[in-house]
Amino acid sequence: MADMPGYFRTCFHTGRLACLAMLVSGGIVLQILACALYNNWWPMLTVIMYVTLPMPLMFFAGSDTSSLYTESGSCWLNATKFLTGASTVGSIAIPIILKHAGVIGWGAMALELSSFFVFVLSLLCYLGMSEDDGYSRF
């Protein structure tokens with residue numbers, strides 16, 4: 001990308017950010033549709049997990065997320081990995097538990113899980129974008 005003109009590089013970065021914004025917006029729309037289409041707002045419980053998911057990363061890992069991929073002896077980094085994993089499992093488990101209890105239907109569960117996977121895809125795209133292009137995380 002070094003041989004591209006500056007205006008083209010800026011346009012390319014803006015397009016990637018716009019695509020990332022559309023992914024996050026699509027995840028939010030799926031989350032709301034899971035509740036509104038079936039007139040049952042219990043699936044909104046997963047929003048609690050979506051809010052708590054990045055908290056350990058922001059508080060304990062800081063801007064050094066490359067250390068999350070390696071084995072480390074740091075107890076704070078291990079706590080970050082555990083709390084992030086627990087929030088991720090909770091994001092998947094809440095719709096499944098609600099379906100098993102008969103509180104929501106199959107369609108709401110499918111929309112909830114697809115919303116989760118859209119959010120994960122947008123997070124992976126963001127991390128890949130920030131590693132390649134030097135975007136700051138926080």
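Computed over heavy atoms, backbone and side chain alike; hydrogens, waters and symmetry mates excluded.
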Practice item. Determine, step by step, whether Val24 and Phe119 satisfy the side-chain contact (heavy atoms from CB on, under 4.5 Å) criterion, reporting the C-alpha distance in whole Å, the side-chain angles of both residues, the deciding distance to 0.1 Å, and the verdict. Key: CA-CA 6 Å; Val24 171; Phe119 280 132; 4.2 Å; yes

Practice item. Take Asn78 and Phe82 through the test side-chain contact (heavy atoms from CB on, under 4.5 Å) and record every step on the way to the result. Key: CA-CA 6 Å; Asn78 289 336; Phe82 175 77; over 6 Å; no

Would you say [X] and [Y] are hydrophobically clustered, going by side-chain heavy atoms of ILVMFWY under 4.5 Å?
| X | Y | value |
| --- | --- | --- |
| Tyr50 | Leu23 | no |
| Leu121 | Leu30 | yes |
| Val29 | Met109 | no |
| Val47 | Leu53 | no |
| Trp106 | Tyr38 | no |

Check your understanding: Can you name the residues that form a side chain to side chain contact (heavy atoms under 4.5 Å, CB included) with Leu37, not counting sequence neighbours?
Key ->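 Once residues adjacent in sequence are excluded, the partners of Leu37 under the side chain to side chain contact (heavy atoms under 4.5 Å, CB included) criterion are Leu33, Leu111.
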
Check your understanding: When you measure from the side chain of Gln31 to the backbone N and O of Pro43, does any donor-acceptor pair fall under 3.5 Å?
Key ->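 Checked: pair present.
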
Review point. CG/Leu20 to SG/Cys125 distance, rounded to the nearest 0.5 angstrom?
Key: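 Leu20 atom CG to Cys125 atom SG measures 6.5 Å (nearest 0.5 Å).
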
Quiz: residues 86-105 side-chain donor-acceptor pairs under 3.5 angstrom, not counting sequence neighbours:
residue : atom : partner : partner atom : Å
Ser87   : OG   : Leu83   : O            : 3.2
Thr88   : OG1  : Thr84   : O            : 2.8
Ser91   : OG   : Ser87   : O            : 2.9

Practice item. Show the numbers, then the answer: is there a side-chain contact (heavy atoms from CB on, under 4.5 Å) between Phe59 and Met55? Key: CA-CA 6 Å; Phe59 294 143; Met55 295 300 168; 4.0 Å; yes

